[in-house]
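In what follows, chains carry the letters A, B, and so on, assigned in the order in which the sequence lines appear, proteins first and then strands, with residues in each chain numbered from 1.
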Amino acid sequence: MATVELTFSALPAHVRTARLVATAIARRTGVSEALLDEVRLAVGEACSRAVEAHRVHCPGEPIVIELRDDSGRFEVTVTDVAPSEDLQQPVIPADGALVPEMPGLGIAVIAGLADDVEVSSGAKGMRIRMSWPASPNGVAAV
Amino acid sequence: MDLKLDHHSEDNLTIVDVEGEIDVYTAPRLRELLIDLVNKGNFHLLVNMEKVDFLDSTGLGVLVGGLKRVRAHDGSLELVCTQERILKIFRITGLTKVFGIYASVDEAKEAHGRDK
């Protein structure tokens, strides 16, 4: 099992970086080209949700994303440390820059994209684990 | 790729051309533009997404917010989009039933003309 771990500050600009890294590793791990858009979108959704939650509750804390090549599956875990009980409630950060019009939509999108999703949440944060099939030898099927 | 926004009016319709990525970083700019257009009395908006490379739920939220604002003035917000990867997120979230989605600006203008 090979793991890449990425830690980033809760800034919206970093979400794109996380998407790019996840897509590059997914391709290298052997996720088919047809699924790469889904990986990119799902990872972006998970990271966006984490960034928004951190900006409200703990802007100084980093977000962690782990990317694993796990026996024929490409697995991504996004972990934040923001209390997640009020995720479905609209939140208004001090700078007013990230008021979600439809809170909770991101999780619905992830559930629709990844065929294997596990969401665990609580007072100490949320963990979203998702995975996609990958070719065992790490070469994407064409 | 960053987000590029442009807009122009044709008759009673304001066409918003969007190019690039609409995500948590760039979506606030689109939201500000839509709010500004509505505040200036543009209540019939057509968002051309043919050059959008990426759209996430933040972008969807901005579009839904724009739709709510124009509807408050009996207006409309419709989309031009033919890219499967963008249409997929509308289908997953059920928003294909909320937005009018057209294959081209001309097709949308024709439909808008009929509805006026």
Legend entry - Residue pair B/K109, B/L13: steps toward the side-chain contact (heavy atoms from CB on, under 4.5 Å) verdict: CA-CA 8 Å; B/K109 280 160 61 179; B/L13 186 66; 3.7 Å; yes
Inset, instruction - Quickly, which of B/L67, B/L55, B/L34 forms a side chain to side chain contact (heavy atoms under 4.5 Å, CB included) with B/V62? Name it, please. - result: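 For B/V62, the side chain to side chain contact (heavy atoms under 4.5 Å, CB included) check succeeds only for B/L34.
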Inset, instruction - Applying side chain to side chain donor-acceptor pair (under 3.5 Å), run through A/T29 and A/D69 and close with a yes or a no. - result: CA-CA 6 Å; A/T29 302; A/D69 170 8; 5.1 Å; no
Legend entry - For B/F54, all residues meeting ring pair (Phe, Tyr, Trp, His ring centres under 6.0 Å), sequence neighbours excluded: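 Per chain and number, B/F54 pairs via ring pair (Phe, Tyr, Trp, His ring centres under 6.0 Å) with no residue.
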Inset, instruction - Would you indicate whether the side-chain heavy atoms of B/I22 and B/M49 approach each other to under 4.5 Å? - result: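 A side-chain contact exists here, since the closest heavy-atom pair is under 4.5 Å.
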Legend entry - Which atoms of A/V15 approach chain B - backbone, side chain, both or neither, heavy atom under 4.5 Å: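 Side chain only.
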Inset, instruction - Counting only heavy atoms closer than 4.5 Å, note whether A/A13 contacts chain B via side chain, backbone, both or neither. - result: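 Both parts, heavy atoms under 4.5 Å.
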Inset, instruction - Look at A/R127 together with A/E118 and state whether they make a salt bridge at an N to O cut-off of under 4.0 Å. - result: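 The answer is yes: the pair qualifies as a salt bridge.
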Inset, instruction - Quick one: closest heavy-atom pair of B/E21 and B/D53, and the distance? - result: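 Shortest heavy-atom contact: CG-CB, 4.3 Å.
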Legend entry - Most chain B-contacting option - heavy-atom pairs closer than 4.5 Å, from A/H14, A/R19, A/E45: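 Max contact count across the listed options: A/R19.
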Inset, instruction - Using heavy atoms and a sub-4.5 Å threshold, report which of residues 34-43 of chain A line up against chain B, by residue number. - result: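 The list, in residue order, reads A/D37, A/E38, A/R40, A/L41.
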